[in-house]
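Indexing begins at 1, ligand by ligand and atom by atom, following the structure's order.
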Amino acid sequence: MLRPLGKFVKPSIFLWKRLSSNNAIRKIRNVGIIAHIDAGKTTLTEKMLYYGGYTNHFGNVDTGNTIMDYLPSERERGITINSAAITFPWRGHTINLIDTPGHADFTFEVERSVAALDGAVAILDGSVGVEAQTKVVWSQATRYGIPKVIFVNKMDHIGSSLSKTMRSIYTQLECHNPVVLQLPVFSESFEEKKFLGVMDVLRQKMILWDVCSDSTSHDGKHVREIPIPEEKKEEFQEAREAMVMALCDLDETLCDEYLQTENVNAFSEDRLASVLQEQCIMGNVVPVLCGSSLKNIGVQPALDAIVDYLPDPVEADKLLKEKNTNVSNKTALKDIPLYALVFKVIHTPTRGILSYIRVREGTLKRGTMIYNPRTKKTERAIRIYNVYADQTEEVDEISAGNIGLVGGLKEFHTGDAITTKTKGKEQPYLKKENISQLHIPIPEPVCMAVLEPESLKDEPKLLEALASLVREDPSLRYTQNSESNQWILEGMGGLHLQISHQRLVNDFGARVILGKLQVGYRETIKKPCTFADEGFPSAISLHLRLYPLDESAEAVDFSKKANHVQEGFVFRGWTQNDSVSFPEYFDSSSIDEHLYYGILAGLSHGPLYGFPLWNVQAAIHIEACSFSSSTSSSSSLSPLALLSQTASKATRQALERLYSQSPNAFSVLEPYMDITITTPDEYLGAITKDLVGKRSAVIHEIVDESSALDPLGEPVSQENTESNMKNLKYVPRETSTYSRTDNQSATQNESYSISKTKRVSAQVPMERMLDYNSVLKALAKGNARFTMSQIQNPSSSKSALTPSSTFLPMSTERQKQVLATEMF
Ligand SMILES: Nc1nc2c(ncn2[C@@H]2O[C@H](COP(=O)(O)OP(=O)(O)OP(=O)(O)O)[C@@H](O)[C@H]2O)c(=O)[nH]1
């Protein structure tokens with residue numbers, strides 16, 4: 001929620017005008033900052049705001065005075081929860097930037113922001129390399145076809161290494177052609193090896209931020225540019241060659257030009273930059289930069305990279321159309337007077353509901369009547385705003401390519417398209433089949449807790465608050481337990497639920513206590529089951545078939561391709577007898593939708609423990625239909641609602657029948673998490689013993705941190721597959737920072753073991769990890785750190801027609817241990 005949205009104080013920067021003319025759209029960059037938790041996203045963003053002139057002070061996450069992390073919970077915890085949007089200028093361009101959260105519980109927050117972006121800066125911690133959540137956010141951005149730039153941060157940190165980080169990029173990210181554009185430069189003194197700047201591979205210069213580098217007031221605005229020193233030329237030349245060759249591989253003309261001179265240094269900066277831009281936008285290369293946002297080194301080149309290599313909205317729309325055949329064959333976007341995407345909805349105490357929008361085409365003007373193709377309703381955009389983190393500026397219009405806020409839209413949800421109606425007609429482009437590209441998948445909750453209103457009279461206010469909160473954050477869900485009547489809040493993890501509870505109390509004034517965190521389990525079927533209409537009287541007679549998701553469509557003879565696909569459930573669609581004739585007011589897509597939601601409702605309670613059914617596919621054949629005008633008038637339900645209800649009942653009956661015949665055909669699934677623990681050697685034994693003995697963990701690998709990313713060492717990760725290694729084209733020389741721990745003599749390029757640390761990767765039932773922070777603290781005396789993320793479904797980026805790997809079977813032993821004590 002935006003905080004009170006205090007009076008907007010125009011910083012001097014707003015003498016600069018937002019760009020809105022047609023030409024100016026080419027000077028807009030809509031970018032997101034994405035990364036694993038603590039990689040330095042907010043620190044980098046704050047520095048960008050400073051150099052862009054938005055602010056005249058450095059916001060600091062450690063002292064809690066950042067512009068972007070403005071929620072009290074964010075400042076208290078020093079982490080980003082809310083994706084904050086801000087606009088600032090750089091080199092005559094408008095950068096609309098979104099700083100996203102890195103914690104795994106807020107993955108949906110990243111997902112919906114990514115849907116509105118044209119490009120992303122992925123930040124890596126140079127002392128750790130690619131981390132678990134880096135892979136998640138990277139694949140989210142890839143799924144939306146977003147070109148990326150990598151910024152390797154924390155190069156000042158002991159143990160940071162560009163070469164090790166590059167190795168992890170090659171082996172752990174699905175990243176085409178990472179191209180190193182900068183090499184780090186350290187001071188020569190062995191006693192104190194300091195990060196000073198970079199060698200710019202494109203411009204063939206060394207850039208040093210060493211002016212007053214000892215002073216804490218050094219703001220990084222002043223740099224020295226010098227020619228590449230003699231002793232660095234060899235190292236530089238390797239990077240230059242790697243960059244030019246990577247581009248020549250992709251661009252024939254450039255390759256021909258190279259063949260004329262066979263000199264990689266002969267190309268001008270502009271020539272290479274234009275090929276880089278083109279290839280980056282097409283997703284063929286990913287420029288890699290490095291720096292230290294904390295020490296103000298390398299931030300301005302990162303801003304330059306946003307402007308120089310990431311696409312403007314026109315290029316981004318072109319890309320979107322090329323990637324989406326649905327779109328390219330239909331009405332061109334430019335023919336549509338207004339087309340925008342709602343990517344986030346928030347509630348504010350003073351201004352009610354505000355919707356974040358990304359205008360893709362046309363201009364949204366204040367007061368315009370806008371149309372929602374999902375609800376088929378029209379609403380007025382009463383107020384529109386430019387947004388600057390927690391401040392807003394009321395404006396008359398938001399033009400194509402820009403991000404803004406709209407006030408007064410009551411019925412719009414995250415993922416909705418905004419358009420206008422021409423002469424009462426819906427825009428053809430926005431018909432259901434064409435807006436599938438806007439679909440922002442909502443992940444399944446994996447964690448839950450009881451919400452206990454302080455007294456009975458607090459319940460109505462709680463429900464009102466919950467409705468608002470869930471609308472704002474669709475990755476939350478609330479239900480009422482039919483036996484205990486307790487309200488249950490479900491979300492993506494413990495932190496997600498705790499923050500949501502804080503918001504219910506502080507932002508919505510609900511008086512409610514959050515109960516013990518519990519895990520969200522699922523049930524699944526191991527055998528098919530069917531229901532043929534033999535029982536309940538209904539105007540509709542149908543035959544329903546349910547199958548485990550891992551049985552192929554051919555094996556179960558589904559005649560149609562999947563109509564609705566979501567994590568854990570696929571609706572294969574419906575067929576009908578030739579004799580069936582529906583009333584005129586039934587259209588095919590409404591029948592489809594009502595059957596789908598009916599089956600989903602029927603799957604919400606499994607016969608074993610009442611957990612929702614998961615990894616199931618379904619199809620329906622309609623045998624007969626006897627709707628008439630009398631049917632609709634005599635029933636309290638509309639015919640379509642009756643259709644939904646029939647599908648729901650059929651689903652429940654099919655499941656109950658299977659359970660009564662064969663209870664073993666059902667099993668319980670539980671959410672598993674990927675965890676990574678980094679620990680000094682001496683605590684490794686205690687940590688692994690606890691993981692295996694008490695937490696039912698499956699340990700995948702234990703690697704020596706110091707060699708895990710070593711470019712010269714053996715492949716160490718499972719993901720370090722042969723095909724990945726083939727991509728390994730260039731790794732910069734090792735010139736990392738280090739701490740001197742013994743009396744070894746040192747040479748410049750010698751690499752050092754930073755400290756004896758091990759990295760443990762494992763898969764663990766989530767239920768066993770709820771209290772793990774305090775356990776790990778005790779086991780390693782506060783010296784180990786751990787991260788947890790949802791298991792990456794390998795098929796998620798390609799097809800959801802395979803069982804999701806988030807939920808895995810629960811052993812009978814664990815069922816006895818856990819479910820006996822855990823039930824609400
Ligand atoms: N040494 C060093 N520390 C840094 C650098 N950048 C950020 N940090 C520190 O790393 C910690 C995390 O920084 P943040 O900017 O909050 O990281 P984040 O990625 O925004 O974190 P979340 O939003 O919570 O995921 C803070 O203690 C920063 O001071 C850097 O360049 N060098």
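Those atoms of ligand 1 that come under 4.0 Å of a heavy atom in Thr42, given as number and element, are 15 (O), 18 (P), 20 (O), 23 (O). Near Ile37, meaning under 4.0 Å from one of its heavy atoms, ligand 1 places the atoms 24 (O), 25 (O). Every atom of ligand 1 is numbered from 1 in the order shown, and the set under 4.0 Å from a heavy atom of Ser292 is 30 (C), 31 (O), 32 (N). Of all atoms in ligand 1, numbered sequentially from 1 with element shown, those under 4.0 Å from a heavy atom of His157 are 1 (N).
Across the listed options Asp156, Asn296, Ile158, Asp156 owns the non-hydrogen atom lying nearest to atom 1 (N) of ligand 1. Distances from atom 4 (C) of ligand 1 to the heavy atoms of Lys154, Glu46, Met155 show the closest one on Lys154.
In this structure, Lys205 is not positioned above the aromatic face of Phe236 in the sense of NZ or CZ being under 6.0 Å from the six-membered ring centre and within 45° of the axis. In this structure, Lys148 satisfies the cation-pi test against Trp138, with its NZ or CZ atom closer than 6.0 Å to the six-membered ring centre and inside 45 degrees of the ring normal.
The shortest N or O to N or O distance between Lys41 and ligand 1 is under 3.5 Å. On a distance-only criterion, Leu294 and ligand 1 share at least one N/O pair closer than 3.5 Å. Taking only nitrogen or oxygen atoms, main chain and side chain alike, Gly291 does not reach within less than 3.5 Å of ligand 1. Between Ser293 and ligand 1, an N or O atom pair is found at a separation short of 3.5 Å.
The pair Asp156-Lys194 does not meet the salt-bridge criterion, since no charged nitrogen lies less than 4.0 angstrom from a carboxylate oxygen.
Heavy-atom separations between Ala39 and ligand 1 include at least one value shorter than 4.0 Å.
Residue Asn153 touches ligand 1 through its side chain alone, judged by heavy-atom distances below 4.0 Å. Looking at Ile123 against ligand 1, nothing comes within 4.0 Å, counting heavy atoms.
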Check against salt bridge (Lys or Arg N to Asp or Glu O under 4.0 Å), Arg358 and Asp118: CA-CA 10 Å; Arg358 159 74 200 274; Asp118 298 330; 2.8 Å; yes
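Here the side chain of Gln300 pairs a donor or acceptor atom with the backbone of Gly220 at under 3.5 angstrom.
In this structure, CG on Leu124 lies 15.0 Å from NZ on Lys164, to the nearest 0.5 angstrom. If you take NZ on Lys221 and CG on Asn296, they are separated by 10.5 Å, rounding to the nearest 0.5 Å.
For Arg768, the salt bridge (Lys or Arg N to Asp or Glu O under 4.0 Å) criterion is met by no residue, not counting sequence neighbours. Residues forming a salt bridge (Lys or Arg N to Asp or Glu O under 4.0 Å) with Lys154 (at least two apart in sequence, or on another chain): Asp125.
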